[in-house]
Structure formats: C-alpha cells, structure tokens
Asks: 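Take a look at the following structure, please.
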Amino acid sequence: MTELKLPSIDYAALAPTLIMLGAALLGVLVEAFVTRRHRHLTQLTLALLAVLAALTMVVLNADDRLITIGGAIAVDGPALFLQGAILVLAAIALLLIGERTVERGGAFVAQAAVTAESDDDRRQAEGSNGATEVYPLTTFAIGGMLIFVAANDLLTMFIALEVFSLPLYLLCALARRRRLLSQEAALKYFMLGAYASAFFLFGVALVYGFTAGMPGRPAGVDFATVNAAVTESPASPVLLFAGMAMLSIGLLFKAAAAPFHVWTPDVYQGAPTPVTGFMAACTKVAAFGALLRVFHVGFEGARWDFTPVLGVVAVLTMLVGAVLAVTQTDIKRLLAYSSIANAGYLLVGVLAPSAEGISGTMFYLVAYGFSVLAAFAVVTLVRDADGEATHLSRWAGLGRHSPFYAAVFTLILLAFAGIPLTSGFTSKFAVFGPALDGGQAWLVIAGVLTSMVLAFPYLRVVVMMWLSEPGDSTPTVTVPGGLTSAALMIGVAATLVLGVAPAPLLNLAAGAAEFVR
Amino acid sequence: MSDFPFLSVLTVAPLVGALVVVLLPRTRPELAKQVAFGWSLLVLALSVVMWVTWQTGGDRFQFRESYPWIPNWGVNFTFAADGIALVMLMLIAVLVPLVILASWHDADKPSGAPTATDRQPGANRQEGPARAGILASSRRSVPVYFALLLVLECTMIGVFAAADVFLFYVFFEVMLVPMYFLIGSYGGHQRQYAAVKFFLYSLVGGLFMLAAVIGLWVVGGKTFDWQALSQVDISTGTERWLFLGFFLAFAIKAPFFPFHTWLPDAGGAAPAGAAALLVGVLDKVGTFGILRYCLPLFPDAAKQFAPWALALGVIGIVYAALLAVGQNDLKRLVSYTSIAHFGFIGVGIFAFTTQAGTGAVLYMVNHGLATGLLFLVVGMLIARRGSALISDFGGAGKLVPVLAGVLFFAGLASLALPGTAPFISEFLVLIGTFTVNKPVAVIATLGIILAAAYVLWMVQRTTQGTLNPALTEVDGMRRDLNLREKVVVAPLIVLLVLLGFYPKPVTDVINPAVQATMQDIDRTDPAPSVGTVQEASR
C-alpha cells in the first residue's frame with residue numbers, strides 16, 4: 001500500500017475562499033442556535049464581516065502568483081482581481097438582501113414550504129420576517145464563485161460551479177410575493193442549469209480523453225496539461241473540439257449567452273430582486289472569469305478554432321439581447337435582456353487575443369456589476385401595494401413624483417447606453433479597443449450596431465420617467481432604508497467614477513492580466 | 001497672459017454655473033435666471049479676453065494645454081483652438097447669454113403652442129390634442145432649464161476646444177443629454193417624439209464614429225492626440241472606412257441630406273432658445289468636425305469622397321429649400337432653411353479651395369447669428385400668438401411693427417442679402433466653388449433664389465397683408481418688443497450688419513486655419529488639380 005501523500009496547501013492564499021465557506025457553515029449553525037429575533041442581524045453581520053475579511057485577505061495576497069493544493073487552485077492576477085470584484089459586488093448585494101424597511105420583513109418569503117397563493121401565504125406576505133437561510137446560501141454561493149474563478153483544473157471548476165449554482169437555484173425560489181413566478185423561475189433555472197452542468201461534465205470527460213493521447217505525459221484535466229495537449233498531442237482533434245464545445249455550453253449558460261440565454265429573462269423576473277442583482281453582477285463575473293481562464297490558458301493553442309465559433313455566439317448574443325430588449329414591457333425582463341447583450345460585449349473582450357483583452361473584460365465586469373446592482377436597487381424601491389411595480393407603464397411620470405430616484409436611474413440607463421463620462425462608455429472602450437487591435441473588427445462593428453438598437457429601450461424608459469405625464473397608477477418610490485441607500489449610492493458613485501476617472505481600476509486590471517500556468 | 005488656461009476654464013465655467021443655478025433655493029426662480037445670465041456674461045467676457053489675446057498670424061493652434069486623463073489609453077485633456085474653433089467659441093459665448101435672456105419666461109409657463117405637426121395626420125403622434133390639458137398643468141422646474149442651458153454651453157465649448165479625439169468624442173456624445181432634456185421637457189407638442197428622434201439619430205452617428213475612433217486609435221499607435229494622429233499614414237482601405245465612420249456622424253449632426261429628417265422635428269419641438277442653439281451652434285459641430293477631423297486626418301479618403309459630399313450638399317440646398325417653401329409651421333420652416341444652408345457649408349468645405357473653405361467657416365458663424373436671430377424672433381412671435389402656424393398670422397406687422405421689422409431683417413440676413421454678413425460667406429463659397437466645379441456652383445446658386453422665395457413669402461404671410469382678425473383677439477399680439485427682447489435682438493443685428501460690411505477681423509482669424517487645413521489635404525498628394533486651382537485663385 002502506497003502512502004497517501006498530502007499535497008502542500010498554502011492556507012494564506014486560499015484564505016478568502018476558506019473564510020467564505022467557513023462563514024457559511026457558521027451561518028447554518030446560527031440558524032440553529034440563535035433566537036429568531038436576533039437571527040437576521042447576526043446573519044447579516046456575519047456575512048458582511050466574512051466578505052470584508054475575505055476581501056482583506058485578497059488585498060493582502062495581491063502579489064501572489066502561485067498554484068496550490070496539488071494544482072487545483074491557481075492564485076494569480078486574474079483570480080485575485082476577480083475574487084476581489086466578486087467580494088465587493090457581493091457586499092453590495094448583501095446590503096440589498098438585508099434590507100427590511102422597504103418591505104416589511106424583507107424581500108424573502110418567511111416559510112418557503114407554505115403553499116403559494118394560500119391564506120397562510122397571504123399572511124406571511126403581509127409582514128412575517130423573511131427567512132434568514134438566505135445568508136448562508138448567499139455566502140456559500142460567494143465561496144463557490146471564489147473557487148470558480150481560481151480553479152486550475154476542470155474538475156475543480158465543475159465542483160465550484162455546482163457549489164455556487166445550487167444555492168442560487170434555491171435563492172431564486174424565495175421571493176415573498178408572486179411566489180408562483182418565483183418558484184417557476186427557480187425550477188427553470190435548476191432544470192436548465194443541471195442540463196448545462198451535465199454538458200460541462202461531459203466536456204471535461206472528452207477533454208480528458210483527448211489529453212490521454214499525448215505520448216510521455218499522463219492524461220489530466222488541469223489547464224497546464226490541457227494547454228500542452230492542445231499544441232502537442234497527435235490525437236485527432238475531434239475529441240478536443242467536441243469537448244471544447246460542451247465545456248463552452250456549460251459556461252456560456254451561466255454567462256447567459258445566446259443561444260443558451262432563454263432562462264435569463266424568466267429567472268431575472270421571478271427571482272427576488274436583490275438576488276437578481278446578485279446574479280446579474282456576481283454570477284457574470286464568475287462565469288466570465290472562468291471563460292477567460294479556460295480559453296486564455298487551457299485552449300490557448302486552439303484560438304484559431306474557437307474564435308470564429310465563439311465570435312458567432314457573441315454576435316448572436318448581442319443581437320438577441322438588443323433586439324428582444326426593445327419589445328420588453330417589464331423592467332426586470334428589460335434588464336435581463338440588457339444583461340444578455342452585455343454578455344455579448346464581454347465575449348468580445350474574451351476573444352481579444354491579448355492581455356489588454358483580459359484586463360478590459362475584467363474592467364467591464366466590475367463596471368457593469370456596479371451599475372446593474374444600482375439598477376436593481378432602484379427597481380426594489382419603485383413599489384405599490386402589491387410589491388414592486390415592474391411593469392414599464394407604471395413607471396410613467398416617475399420623474400415628477402421622485403425626481404431624485406428617476407435621475408439616478410436615468411444615469412444608470414445612460415451608462416448602459418454607453419454615453420461618455422459613465423462607466424458604460426469606458427468599459428465598452430475597454431473591450432472594443434483590444435478586440436479591434438486583435439483584428440476582430442467584425443465583432444466591434446456588431447457591438448456598435450447592437451448598441452444603437454439597445455439604446456432605444458433604455459431611452460424609452462427615460463422618456464417614460466421624465467417626459468410622460470404621471471398617471472393615477474404611477475407608484476411612489478419608497479424611501480429606502482440605510483442598506484439600500486448605501487448600495488444604491490455605491491453603485492451610482494462607481495458608475496460615475498469609473499466613467500470619469502477609470503485610470504486606477506484600469507491600472508489594477510492591467511497589472512492583474514497575467515495568468516499563471 | 002497667453003499662459004492662462006483659457007480653454008479649460010472656459011469649458012468648466014458654465015458647468016460650475018449650472019451647479020450654482022441648480023443649488024439655488026427653488027422658491028426664487030428669478031434669482032436662478034439672473035445668476036445664469038450673469039454667469040453666461042462672465043463666460044462671454046472671458047472669451048472676449050481670449051479673442052484679444054489671440055495672435056493673428058501666430059501658430060495654427062493656440063492656447064494649447066494638456067493634462068493626463070486616462071494614461072492607459074493615451075487619453076489626455078488636451079485643449080487647443082485654431083482660428084475655426086476660436087470663432088465658433090466666440091459665437092457660442094455671444095449666443096448663450098442672448099438665448100438665456102430670450103428664454104426668460106420660456107420655462108415659467110407650461111409648454112408651448114400647438115404646432116403644425118400636430119395637425120398633420122399620421123405623423124407618429126404620441127400625444128393627441130386631448131392631452132394638451134394635462135400638459136398645460138404640468139409644472140416644470142425653472143432653475144433646471146437654465147442649468148441645462150449652461151451645461152449645454154459647457155459641452156459645446158468643450159467640443160470645439162478639444163484637441164484630443166477621445167475628449168472630442170466625449171463632448172460630442174454628452175452634448176446630446178442636455179439638449180435631449182431641453183427638447184423633451186420644455187418643448188412644444190410632439191416633444192417626446194422629437195427628443196427621442198434627435199437622440200437616437202445622433203447616437204447612431206456617434207456610435208459609428210466610436211468604431212472609427214477606436215480604429216483610428218489602433219492604427220495611430222494608441223494615441224488620441226490630434227497632432228500626432230494627423231501625422232500618421234493610414235492605408236487607403238482603412239482610411240476610407242475611418243473617414244466614413246466620422247463623416248456619417250458629422251453628416252447626421254450637421255445635418256446633410258439625406259440624414260436631415262430629425263432636424264425639423266427637433267427644431268419644431270424645441271423651445272425657441274434651445275432651437276437657436278441647436279441650429280446655431282450644435283449643428284456646426286458636424287461641419288466643424290469635417291474640417292477638423294475628416295479632412296486633415298483622412299486626406300486621401302476625403303478627396304475620394306468629395307464628389308459624393310458635394311452632391312449631397314447640392315441636393316440638400318435645393319431639396320431643403322423646396323421643402324421650406326411648403327412649410328406651414330414657422331419653426332419647421334426655419335429648420336428647413338438651415339438644412340439648405342448646411343448644404344452651402346458642405347459644398348464650401350468639399351470644394352477644397354481656400355476661398356470656399358473660408359466662406360464655409362464664415363458661413364458657420366454668420367448662419368449661427370442669422371438663424372439664431374431668426375429662431376429667437378420667430379419664438380417671440382409664436383409666444384405672443386400661442387401658435388406656430390403661419391396661417392394663424394397675417395398682417396401682424398400692423399400690431400407689432402418693431403417685431404415684424406426685426407423678423408424682416410432676420411429673414412433678409414438669412415437669404416443672404418448684400419450688406420448682411422451671410423452674403424459675404426455665401427458669395428465666397430460660390431466663387432470658390434465656381435473656380436473648380438462649375439455645375440455645382442450653378443445649381444447651388446438656385447438655392448439663393450429659392451431662399452428669397454421662402455423667406456419673403458413667410459414674411460409676407462405672417463406680418464404683411466390684411467390683418468388677420470383673430471390676431472387682434474390675442475392679448476399677446478398687442479405687445480410689441482419689450483426692452484428685454486430688444487436687448488436680445490440688438491447685438492445680433494449689429495453683428496450681422498457689421499460683419500456684412502467689415503468681415504476682416506473674422507476672416508483674418510479663419511483664413512490661416514483654412515489654409516492649413518487645405519495643406520493637410522494636399523500633404524500626401526502634392527500635385528492634384530485642386531492645388532493648382534488654389535494657387536491660381538490666390
């Protein structure tokens with residue numbers, strides 16, 4: 001019997017992930033041992049402290065460039081940058097999740113097991129405190145994302161995928177109001193997500209098979225082996241292409257790229273709005289972080305093979321997102337389609353074959369995350385007696401009733417439309433520039449053309465808010481509690497700052513654009 | 001003194017003013033107006049100092065200043081003005097205070113008069129007449145209106161003062177936002193439709209330009225500095241695409257036929273003051289952009305596409321003039337006359353002679369003054385009558401003789417009567433074009449005849465002839481120009497006459513810049529036919 005040798009583990013480098021997962025486990029215990037009255041505050045504090053601690057560790061680790069636990073985790077520039085981004089955005093999302101003054105009891109259902117639409121359900125909707133399980137679930141999801149962007153082999157990546165997906169499926173089902181819609185969304189997300197995960201896993205198997213054809217080197221699914229196999233292996237590339245395609249399907253599903261985007265509008269609409277914001281910001285970062293690593297490290301040698309295919313996916317994604325956004329009448333669905341289109345722009349950045357492309361994509365992810373969280377924060381505030389008023393016609397004349405929030409939302413929409421002096425413009429430049437530099441002019445032209453289409457729905461909302469007369473049914477904007485205000489202000493401030501003075505973050509991203517292999 | 005950072009201060013000053021105006025107590029709208037007016041006078045004073053400091057015959061670009069902004073992309077806050085930019089800056093500085101003064105009561109009362117478009121069937125209406133009652137009751141913030149005007153001034157100054165392509169693009173796009181709200185929130189009927197159309201048209205052009213800007217940045221070695229970029233040699237194929245990207249944006253902005261359809265809507269719906277700025281200054285960004293960016297940066301492509309641009313210009317002159325004749329809405333009529341004038345400017349630019357080029361730039365200034373005046377006067381007329389329809393007037397001169405006289409003068413200036421400033425510019429454009437391209441010059445001359453037709457007919461139908469009895473029942477029509485309005489029109493009239501007789505101070509500033517631009521075009525191709533004619537015409 002051979003002695004099992006433990007791989008060396010760099011605990012400091014892994015600290016952010018460990019902190020998040022530990023906090024999640026602690027959160028489960030809090031559920032069991034802390035009295036109901038104190039649970040909410042304890043959980044929120046615990047989650048926020050964990051995020052802050054993890055962020056501190058990321059900052060302390062900023063200069064790490066290493067691979068640890070037997071090659072499973074790579075702590076390098078992109079991993080650290082993206083982990084930091086996920087943590088910052090997650091902190092803002094946690095503020096939204098923790099808000100309990102906008103709606104009595106918070107945005108989450110008190111007992112998910114109560115039958116929807118029953119009398120019990122109506123009672124809980126009227127003001128029972130929301131379930132506090134959302135905090136451990138969110139913390140688990142964050143922990144999974146941290147691993148996802150740092151995974152150095154495909155199996156670790158798969159496990160991380162599941163770790164952050166499963167809590168998200170659950171979170172989607174926990175809306176306090178319109179619960180059927182919420183449960184439908186969760187089921188849809190879960191079924192399709194499971195399907196996509198299966199594709200991913202099958203892809204891993206095929207790639208493993210491909211690497212086995214390399215003489216003098218053991219087969220494996222770590223990126224170094226995959227990278228070497230892509231360039232050196234004499235095996236037929238069919239396995240590689242099939243594997244690459246299936247892996248991409250799994251990842252593009254999470255990234256909400258067409259034609260794997262169909263879940264997005266339904267899930268974004270049905271999920272509790274803070275969770276939607278969390279998904280739109282953090283899941284995007286995680287998914288694109290993984291895409292960057294897979295295609296810039298693992299399959300780098302097959303660039304000429306995957307670029308046309310992924311390019312077509314990018315163009316399709318931009319088109320679908322932009323065109324369908326025009327027809328939307330629900331603000332959350334509109335933002336969902338806008339998020340799909342943004343996935344297309346991000347793919348343009350992923351396909352730019354340079355370090356600038358990587359840093360541009362990372363910059364885009366952060367900038368977009370801030371804006372989209374702020375956007376959903378505003379959505380949580382516009383409400384009437386039945387909860388959030390998401391139908392666009394209800395937003396008519398909002399500018400008259402609540403000029404401040406209408407102005408804030410206008411700024412965010414202008415950012416989405418890519419007007420200069422907002423982060424939307426700088427981030428578009430950050431991905432289009434390297435893409436054009438890398439000879440992908442067609443992607444840039446597609447991006448510019450779809451931006452024109454996409455400007456229309458944004459503008460329509462602006463017109464609704466400012467230029468339409470308020471009707472009787474125009475809802476009022478609830479005065480937000482401190483948490484939502486903080487989230488909103490951070491998001492808006494970041495949207496402006498990254499538009500006016502993007503240089504510091506660009507520098508940070510540029511310095512972190514080198515993967516370790 | 002020339003070390004003073006004129007351009008950046010000039011750009012930032014109105015923005016600060018806008019902030020001050022917004023922060024003033026809401027209960028005192030009059031104070032907001034006074035502060036806004038005072039602030040715009042301050043900007044005017046500063047630009048006058050700049051004009052005096054300008055060294056005629058000195059460097060092509062003066063007042064250059066540069067601060068780093070986004071070093072990762074080679075973006076700098078680089079400001080510099082050539083003669084063309086300088087005269088445009090002066091135009092802005094002169095127009096904005098007058099517009100503020102003219103719009104003194106524009107934001108007080110609920111949005112304006114029904115316009116002809118509301119009565120046209122099928123014109124994508126968003127608000128029926130039934131909603132007029134609701135509209136009338138809506139209250140609008142007075143300070144915000146004047147703050148928006150100042151923000152607009154900031155972006156307009158920035159766009160002319162920028163010498164960094166990225167910075168130029170930023171101002172070019174951001175300019176849309178205040179204008180969008182000026183039209184959309186304070187305009188007349190169909191303002192929603194007009195505002196969205198204006199925004200989308202400009203944004204589409206802007207995004208094409210964005211693609212070209214990024215392309216230029218890539219081929220130009222990752223710099224946005226205008227002077228560095230003008231030295232870059234670009235392969236012909238790339239140059240053509242980049243030229244088209246820029247040209248499309250400018251052609252929509254200017255607007256040239258066939259990208260002009262947004263202007264009558266926007267001009268018709270905008271409040272008169274904003275319309276004067278829109279047509280008087282904002283649209284000049286298009287022609288200025290062609291002179292500053294399309295020609296010097298892409299000289300070969302510019303020469304290749306010049307025949308097409310000339311054709312568009314000529315079609316615009318005739319087509320828009322014909323449409324102007326047929327308009328029954330005063331503001332839309334003025335908008336169409338402007339499209340015809342932009343045709344002249346386009347012809348002047350793409351004739352590639354110094355004479356025509358100087359004429360075109362002079363035209364940009366004179367047109368800003370003349371059409372600005374025309375829009376403001378028409379706005380005063382409309383405000384009195386409560387209607388923009390020409391058929392609602394008739395014989396107005398008997399009630400408001402001074403106003404009618406000013407309208408007549410503005411009309412004459414706009415049809416380029418000798419003795420008014422536009423005559424000189426139109427004449428220069430025509431002579432300059434005639435020496436190189438006779439057919440174009442001949443057809444363009446038709447525009448002058450048509451201009452006489454639409455202006456004189458408009459003046460006749462509104463102010464002369466028998467008095468429309470309905471007019472006497474309107475209270476407003478019994479008031480002739482008050483002191484405030486006289487103060488608004490007087491400087492413009494004086495300038496138009498002065499520059500009509502003695503344009504030398506302006507042409508002296510413009511001429512070297514235009515000559516330099518023409519040299520830029522010939523730089524890579526030393527002996528084209530254009531050059532020889534240019535020599536001959538000197």
Side-chain angles (χ1 to χ4, degrees), chain A residues 356 359-360 363 397 399-400 403 407 410-411 414 417-422 425-426 428-439 441 444-456 458-460 462-464 466-471 499-510, chain B residues 68-73 75 126-127 131 133-135 137-141 144 155 166-177 180-181 183-185 187 191-197 199-219 222 238 241 245:
Chain A
E356 282 86 40
S359 64
F363 178 84
R400 295 270 158 68
T410 304
L411 177 75
L414 289 178
I419 300 291
L421 299 186
T422 64
F425 172 67
T426 39
K428 279 216 175 72
F429 192 92
V431 293
F432 287 171
L436 202 60
D437 201 15
V444 175
I445 289 170
V448 165
L449 288 175
T450 51
S451 299
M452 295 173 193
V453 180
L454 202 53
F456 182 70
Y458 298 141
L459 206 57
R460 210 165 44 123
V462 176
V463 169
M464 277 283 186
W466 293 103
L467 310 187
S468 295
E469 297 307 311
V500 176
L505 187 65
L506 280 171
N507 281 331
L508 198 63
Chain B
W69 181 13
I70 311 174
N72 313 57
W73 297 334
V75 178
Q126 298 195 342
E127 304 162 353
R131 301 210 61 184
I134 305 172
L135 271 178
S137 67
S138 62
R139 69 196 158 78
R140 294 167 306 167
S141 164
V144 170
T155 57
F166 190 93
L167 191 64
F168 172 79
Y169 180 80
V170 166
F171 282 117
F172 186 82
E173 288 282 87
V174 172
M175 206 164 57
L176 300 181
V177 179
Y180 169 78
F181 282 104
I183 299 175
S185 300
R191 58 210 167 103
Q192 286 195 7
Y193 170 71
V196 171
K197 193 171 178 182
F199 197 93
L200 282 183
Y201 261 73
S202 308
L203 192 69
V204 165
L207 284 168
F208 277 116
M209 190 165 111
L210 174 62
V213 165
I214 298 177
L216 183 64
W217 176 67
V218 168
V219 294
K222 313 241 163 136
T238 320
W241 285 112

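FYI, side chains are in, hydrogens and waters are out, and symmetry mates aren't considered; it's all heavy atoms of this structure. To find a chain, count down the sequence lines: A is the first, B the second, and so on, and within it residues start at 1.
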Asks: Examine whether an atom of A:Ile419 lies under 4.5 Å from a heavy atom of chain B, and if so say whether it belongs to the side chain, the backbone or both; otherwise answer neither.
Replies: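 When you check distances to chain B, only side chain atoms of A:Ile419 fall under 4.5 Å.
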Asks: Of all heavy-atom pairs between A:Ala455 and B:Leu200, which one has the smallest distance, and what is that distance?
Replies: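 For A:Ala455 and B:Leu200, the tightest heavy-atom pair comes out as CB-CD2, 4.3 Å.
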Asks: Compare all side-chain heavy atoms of A:Leu436 with those of B:Trp217 and state whether any distance is below 4.5 angstrom.
Replies: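 The answer is no, as the side chains (C-beta and beyond) never meet within the 4.5 Å cut-off.
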Asks: State, to 0.1 Å, how close A:Val448 and B:Ala211 come at their nearest heavy-atom pair, and which atoms those are.
Replies: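 Shortest heavy-atom separation between A:Val448 and B:Ala211 comes out as CG2-CB, 3.9 Å.
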Asks: Answer yes if the ring centres of A:Tyr458 and B:Phe199 are under 6.0 angstrom apart, and no otherwise.
Replies: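 Here the rings of B:Phe199 and A:Tyr458 have centres that are no less than 6.0 Å from each other.
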Asks: Quick one: are B:Asn72 and A:Glu356 in side-chain contact, heavy atoms under 4.5 Å?
Replies: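 The answer is no; the side chains never approach within 4.5 Å.
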Asks: Would you call the rings of A:Phe429 and B:Phe166 parallel, tilted or perpendicular, taking 30° and 60° as the class edges?
Replies: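 Rings of A:Phe429 and B:Phe166: perpendicular, over 60°.
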Asks: Measuring from atom OG of A:Ser451 to atom CG of B:Leu210, what distance do you get when rounded to the nearest 0.5 angstrom?
Replies: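 It is 8.0 Å, given to the nearest 0.5 Å.
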Asks: Output, in order, the C-alpha distance, side-chain angles, deciding distance and verdict of side chain to side chain contact (heavy atoms under 4.5 Å, CB included) for A:Val463 and B:Tyr180.
Replies: CA-CA 10 Å; A:Val463 169; B:Tyr180 169 78; 3.0 Å; yes
Asks: At a heavy-atom separation under 4.5 Å, does A:Thr422 approach chain B through its side chain, its backbone, both, or neither?
Replies: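 Contact with chain B involves no heavy atom of A:Thr422 at all.
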Asks: Look up atom CG in A:Asn507 and atom CD1 in B:Ile70, then write down how far apart they are to the nearest 0.5 Å.
Replies: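 It comes to 10.5 Å.
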Asks: Are any of the side-chain heavy atoms of A:Phe456 and B:Leu203 separated by less than 4.5 Å?
Replies: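 When only atoms from C-beta onward are counted, B:Leu203 and A:Phe456 do not touch, as no gap falls below 4.5 Å.
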Asks: Of all the heavy-atom pairs spanning B:Leu207 and A:Met452, show the shortest one and how long it is.
Replies: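 Smallest interatomic distance, heavy atoms only, reads CD1-CG, 3.4 Å.
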Asks: Before giving the answer on ring-ring contact (aromatic ring centres under 6.0 Å, His included), spell out for A:Phe425 and B:Tyr169 the whole-Å C-alpha distance, their side-chain angles and the decisive distance to 0.1 Å.
Replies: CA-CA 11 Å; A:Phe425 172 67; B:Tyr169 180 80; 5.4 Å; yes
Asks: Do any N or O atoms from the side chain of B:Trp73 and from the backbone of A:Ala503 form a donor-acceptor pair under 3.5 angstrom?
Replies: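 Pair absent, no side-chain N/O of B:Trp73 close to backbone of A:Ala503.
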Asks: Between A:Leu414, A:Val444, A:Leu421, which residue shows the highest count of heavy-atom pairs closer than 4.5 Å to chain B?
Replies: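 When all of A:Leu414, A:Val444, A:Leu421 are compared, A:Leu421 has the most.
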Asks: Compare all side-chain heavy atoms of B:Phe181 with those of A:Val462 and state whether any distance is below 4.5 angstrom.
Replies: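 In contact.
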Asks: Let me know if B:Val177 has heavy atoms under 4.5 Å from chain A in its side chain, its backbone, both or neither.
Replies: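 Contact with chain A involves the side chain of B:Val177 alone.
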Asks: Given heavy-atom pairs under 4.5 angstrom as the criterion, report whether the side chain, backbone, both or neither of A:Ala441 touches chain B.
Replies: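 Contact with chain B: none, neither part.
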Asks: Measure the spacing between CD of B:Gln192 and CZ of A:Arg460 and express it to the nearest 0.5 Å.
Replies: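 Answer for the CD-CZ pair, B:Gln192 versus A:Arg460, is 12.0 Å.
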